[in-house]
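Just below is one structure, and these are the notes that go with it.
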Amino acid sequence: VKDKIEVGLMGLGVVGGGVENALREKAADIAKQVGAPLVMKRILVRDPFKKRACQAQPYLFTTNPQHILNDPEIDIIVEVIGGESPAYDYIKEAISRGKYVVTANKEVIAKHGFELLNLAAEHNVALLYEASAGGGIPLIGPLGHDLLANKISAIHAIINGTTNYILTKMALEDIDFDTALKEARELGYAEADPASDVDGIDATYKLAILAALAFQTQVLPGDVYHEGISHLAARDFRYAKELGYTIKLLAIAKREDDTFQVRVHPTFIPDDLLLARVDGVFNAVQIDGDLSGRILFYGQGAGALPTSSAILADVIHLARNISQGSSPLPRVRMDQTMTVKPISEIRTRYYLRMTVADRPGVLAQIARVLGDFLISISSVIQKEVDESAQSAEIVIMTHPSQERAMQQAVSQMEKLDVVKEISNLIRVED
Ligand SMILES: NC(=O)c1ccc[n+]([C@@H]2O[C@H](COP(=O)([O-])OP(=O)(O)OC[C@H]3O[C@@H](n4cnc5c(N)ncnc54)[C@H](OP(=O)(O)O)[C@@H]3O)[C@@H](O)[C@H]2O)c1
């Protein structure tokens, strides 16, 4: 039984600053919960002379990771540097030296979680990562603990605040992608380089983490099909509204016997679904379990305070364990043999928007191509006619069809001279 638990913090940016602050301000309450005080021993930064908003004591700063990794008195290391390198090496070394680790790093957990969790088990310590997916929303805990008795059939998630902010703006204000992105940047909701969010990569990491827990198998970021949101146009949102849908960047994981699908892409979802009401930077994760039924988690997926809520809970959990001298927590096994279903094999409904020549018989030609690939049409809208260009815009909603067939039909349609452009193809989730 220890009289104090010492913590080393790696990274003092948005999240690290929040963690340091909350740990200081809540020190008395946390000490009561743990049964021993938590002491911040050292803080790793890149630039010790940088002006910081947080009130961390500069004498704790170091630029040498070994001052934390090598300190025998440090029990718990909190890694909030971000990125794969050098964070991965630090986490690995920390575990190998018998330290407990808490991280918010989705990239490292998505790519190397399996290996690192095994390493932690080997060294009789734990690696906790609640903050790595969904920020302040508890997801890892529920999936790894409270929902364990369920067979999870599906996860549908809005897990990137930046893109949800942009899509909400586009839907409500009838503006195009570039204008919405510019606003998101001005408000600090999008990074200077927004590629990881906008291209769906950030959501891919988070989905890989959640799906691995839900299906108790290894899921790597490379298994997740992903598409970003930059190809969406204001007119797609107008049509969606007219058809009774909303467009969201959805992260979807579905179990089908011993295969599963994992994909992140813009998706038409019915307007009356709770997920369709999740606006702005908020996140929501819907989980379907065979016993629990449908569950919806909603909240702030990022930000200093919500993220430190998740990190500190992990720290408190570990600190209690250390102070009471109990053995490390059991963890979810991820050894189910399941295979990933390639995107070409999935079946879903589609929204297809195209520009065609404004002449009789065009729709029949398009319907024939779709028919050749066994794709049946559920509705068609044709109204925007550009008389000077003698063209019209057609929107088709299909019945469930195979992705491969749909992609082949699109290439065939592109070859028709009556088709001027296939403007967008968006999957529908009912
Ligand atoms: N921001 C969020 O809302 C949020 C939410 C959930 C999860 N996360 C995750 O939390 C992690 C941290 O994100 P953040 O937004 O706090 O990042 P950030 O503001 O960029 O902070 C990164 C911190 O790490 C330090 N650092 C960077 N490279 C380093 C290196 N090579 N050696 C030593 N220190 C280094 C920086 O030092 P200096 O201060 O000296 O530059 C900075 O203090 C990421 O994994 C992120 O995905 C973030």
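Indexing begins at 1, ligand by ligand and atom by atom, following the structure's order.
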Subject >> Summary of salt bridge (Lys or Arg N to Asp or Glu O under 4.0 Å) pairs that have at least one residue in residues 5-15, sequence neighbours excluded >> reply: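 Every pair satisfying salt bridge (Lys or Arg N to Asp or Glu O under 4.0 Å) with a residue in residues 5-15: Lys4-Glu6, Glu6-Lys41.
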**OP:** Keeping to residues at least two apart or across chains, list the salt bridge (Lys or Arg N to Asp or Glu O under 4.0 Å) pairs with something in residues 8-28.
**Re:**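 Pairs touching residues 8-28 that pass the test: Glu20-Arg24.
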**OP:** Salt-bridge test for Asp71 and Arg42: reply yes if a basic N is under 4.0 Å from a carboxylate O, no otherwise.
**Re:**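 No salt bridge links Asp71 with Arg42.
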Subject >> Heavy-atom side-chain proximity of Arg52 to Phe61 below 4.5 angstrom >> reply: yes
**OP:** Non-hydrogen atoms closer than 4.0 Å to ligand 1: which protein residues do they belong to? List them by chain and number, please.
**Re:** Gly11, Leu12, Gly13, Val14, Val15, Leu44, Val45, Arg46, Asp47, Lys50, Arg52, Val80, Ile81, Gly82, Pro86, Ala104, Asn105, Lys106, Ala131, Ala302, Gly303, Thr307
**OP:** Applying side chain to side chain donor-acceptor pair (under 3.5 Å), name anything that partners His156, two or more places apart in sequence or on another chain.
**Re:**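 With neighbours one apart ignored, the set is Glu429.
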**OP:** Look only at the side chain of Thr217 and the backbone of Gln336, and say whether a donor-acceptor pair between them is shorter than 3.5 Å.
**Re:** yes
